[in-house]
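The structure presented is a predicted model; accordingly, all values stated were derived computationally and were not measured. Quick note on labels: first sequence line is chain A, next is B, and so on, each numbered from 1.
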There are 2 protein chains.
Amino acid sequence: MRYYSSVLDALFGVPLPMANTAKVSIARTEARARRRQQLIEATMKCIGRKGIGGTTLADVAGEAGLSQGIVNLHFQSKDNLFRETLQYLAEEYRSKFEGVLERADSSPAASLMALMELDLSPSICQPMKLAVWFAFWGEVKSRPTYRKICDEIDRYYDEVVERLCDEIIKDGYYPNVTANNVATALTSMTNGLWLSCLISPQSWNRHDALDAVRCYLSVVFPQHFRRSGAT
Amino acid sequence: MRYYSSVLDALFGVPLPMANTAKVSIARTEARARRRQQLIEATMKCIGRKGIGGTTLADVAGEAGLSQGIVNLHFQSKDNLFRETLQYLAEEYRSKFEGVLERADSSPAASLMALMELDLSPSICQPMKLAVWFAFWGEVKSRPTYRKICDEIDRYYDEVVERLCDEIIKDGYYPNVTANNVATALTSMTNGLWLSCLISPQSWNRHDALDAVRCYLSVVFPQHFRRSGAT
DNA sequence: CAGAAAAATGAATGAGCATTCATTCAGAAT
DNA sequence: ATTCTGAATGAATGCTCATTCATTTTTCTG
């Protein structure tokens, strides 16, 4: 069995043969990571259901089927738990986003459409998940750390979308728009559609939302997008 | 001096000559209304600064320069205060919105542009105000009352924008878009631009935001909107 | 001006909750 | 089998507020 001489080493992935310092087995490290993830997921469920203000550590522990003190054991404090939850959420989003980029074959137009479809897919665009995002956005002004995390993922998104738009514009010669304009419009649009989905879940529907995006794309980039269907 | 026989009558504006029930003078009623508004404005400042979770009644009272118990005296409970604050916020927005509609002379295109400019004007689009909106949106999922208030103003907004788009489409014969598509896109866009303004206040700027909206309008409704400037 | 009613105060109360920690439990190492 | 270590528990602690209310101050009325 391999050992890490400490949790720190474990994080840096430096396996050591048995040493005389405190030993932490890989199995333990993994178990700990799993527990943390379990707690983070419980936290998201609670925030989705009761909001950030309404979520107590007892709620989270209960949701995870564990005891009172468990959160402080693994996260030291409530603040920490929430910050890591936001980080997890952002990371999760980023990985789905990158997954789509990798899968979408070649053409920038196809990639762009695939990204828009991702944003409006049930995997991301469901009231419960959105509620968590909005709960954190609602705290952005008073919590610089939250702002930083959100800002980072936002910039990344914007950058990718703008690059795709740029390629499309170069490819199609569209004199009336700039990549910056279109990217701003698209990112805002998805964010705004999320708000509608959260606020009017009964009347909101994926189809209309996607249609609005497709309509926009078909009008700005007519050579690359047809009204009903990508590319 | 005129009297109301009770606060309820006062709200309904029914002045009565002195009766043998408890009497409330108009001056008192107005003073009370002013105090309530003062407290609501203090609440918005606090929420903007510390978030909903971080705002205590002591904060609000302090911000207003009054004492501990004042909020409960005027609003009965914290919950009430927050709900009425959201209502006030929505009402304030609606009145600005209607003000623009009345002022904008005649043409639907001019009205639409004026509305977009309002949404991105400093009066509405400043981090402090937006933080309050987002704080409430963040609680929408767990507070049905908040959802209802937000939903109502949202629907109103959507309805007006869609009607304007409809008139523009009829006027200009635009076969490739529907009023619903464009209205959805526009409302989402402004909501999304608010999020960017909140999250990246340093890099965000009104000019780019407006430009993205103008660009969109000039592309969907080319006969009604030119690239740099309305109608 | 006196008396009454309303508004405002702020100390006291107690509920709710994050955090602590002595104790128990589980499983790996020898 | 025994020991040892880290994980987990949950009762206890203490702090932060919302809320109450007896008292004071202000405002109105005749």
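At a threshold of 4.0 Å, the pair B:Arg206-B:Glu117 does not count as salt-bridged, since none of the basic side-chain nitrogens sits closer than that to a carboxylate oxygen.
The distance between the ring centers of B:Phe75 and B:Phe82 does not fall below 6.0 angstrom.
When the C1' atom of C:dA22 is taken as reference, atom CG of A:Leu73 falls 14 Å away, rounded to whole Å. If you measure from atom CD of B:Glu30 to atom P of D:dC28, you get 11 Å, rounded to the nearest angstrom. Here D:dG6 presents its P atom at 9 Å from CZ of A:Arg32, a figure rounded to the nearest Å. Atom P of nucleotide D:dT25 and atom CG of B:Leu66 are separated by 16 Å, given to the nearest angstrom. Across the protein-nucleic acid pair, A:Gln76 atom CD and D:dA7 atom P stand 12 Å apart, rounded to whole Å. Distance A:Gln68 CD to C:dA18 P: 9 Å, rounded to the nearest Å. As rounded to whole Å, 15 Å separates atom P of D:dA11 from atom CD1 of A:Ile70.
Candidate nucleotides D:dG10, C:dT20, D:dT5 were compared by shortest atom distance to the side chain of A:Asn72, and C:dT20 ranks first. Side-chain proximity of A:Lys78 to the nucleotides D:dA7, C:dA8, C:dT19 is greatest for C:dT19. Checking D:dA8, C:dA8, D:dC28 against every side-chain atom of B:His74, the shortest atom distance belongs to C:dA8. In the set C:dA11, D:dT9, C:dA8, the nucleotide with an atom closest to the side chain of A:Ser67 is D:dT9. Relative to the side chain of B:Arg28, the nucleotides D:dT5, C:dT19, D:dT27 differ in distance, and D:dT27 lies closest.
A ring-ring contact (aromatic ring centres under 6.0 Å, His included) with B:Phe136 is found for one member of B:Tyr146, B:Tyr93, B:Tyr88 and no other, namely B:Tyr146.
For B:Gln68, the side-chain contact (heavy atoms from CB on, under 4.5 Å) partners at least two apart in sequence or on another chain are B:Ala58.
Under the 3.5 Å distance criterion, with hydrogens and angles disregarded, a donor-acceptor pair is assigned to the side chains of A:Gln37 and A:Glu41. No hydrogens or angles considered: nothing links the side chains of A:Tyr216 and A:Asp211 as a donor-acceptor pair under 3.5 Å.
Near-neighbour residues of DNA chain D inside residues 38-61 of chain A, defined by a heavy atom below 4.0 Å, are absent.
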**Request:** Please assess A:Ser188 against A:Asn191 for the test side chain to side chain donor-acceptor pair (under 3.5 Å), listing each intermediate value before the final yes or no.
**Result:** CA-CA 5 Å; A:Ser188 310; A:Asn191 288 329; 5.9 Å; no

